[in-house]
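Read the structure below first, then the notes.
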Amino acid sequence: MAIKGAAGMKLQMIYKDDESGGEGCPSVYLADNGEFVVQGPQVDEATAGELRNVLPGETAVRISAEVILGAVRRFTAPDTREH
């Protein structure tokens, strides 16, 4: 199921894995509609086979717990996002 209004979102990077160097991923972004967008290496075919209810247009990426927790810390910190 496509998320209504998800096309053409403006993104603000809120966290990037410090171990990935100057470029690359994984990263977490906050979209202008309040949703999160996650960038990371796509899972392999065998792992993708473990997923449930994958709909057309959906994919899965790998991202460490530290990146998720770092993004949550920044998201919940004062002055991280417009209110």
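Fair warning: this is a prediction, and the values are worked out from it, not measured in the lab. Only heavy atoms go into these numbers, but all of them, side chains included; no hydrogens, no water, no symmetry mates.
I68 and V61 fall within a single hydrophobic cluster, where Ile, Leu, Val, Met, Phe, Trp and Tyr are joined by side-chain heavy atoms under 4.5 Å apart, directly or via other members.
Looking at Q39 and K16, their side chains never come closer than 4.5 Å, going by heavy atoms from C-beta outward. V54 places none of its side-chain heavy atoms less than 4.5 Å from the side chain of T59.
Panel note: side chain E58, backbone L55; a donor-acceptor pair is recorded below 3.5 Å. A donor-acceptor pair under 3.5 Å links the side-chain atoms of R74 to the main chain of I14, judged by distance alone. Side chain of T47 to main chain of V43: no donor-acceptor pair is present (N/O by atom type, distance under 3.5 Å, no hydrogens or angles).
Nearest approach of R73 to E66, heavy atoms of both residues: NH2-OE2, 2.7 Å. Contact between N33 and M9 at its shortest, heavy atoms only, is ND2-SD, 3.5 Å. Nearest heavy atoms, A60 versus L51: CB-CD1, 3.5 Å. Residues C25 and G40 come closest through the heavy atom pair SG-CA, 3.6 Å.
Between the side chains of Q12 and Y29, no donor-acceptor pair is found at a separation under 3.5 Å.
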Show your working on side chain to side chain contact (heavy atoms under 4.5 Å, CB included) between L30 and V37 and close with a plain yes or no.
CA-CA 6 Å; L30 179 62; V37 174; over 6 Å; no
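Ring pair F36/F75: centre-to-centre distance below 6.0 Å.
Of the inter-residue distances, the one linking D32 atom CG with L11 atom CG reads 7.5 Å to the nearest 0.5 angstrom.
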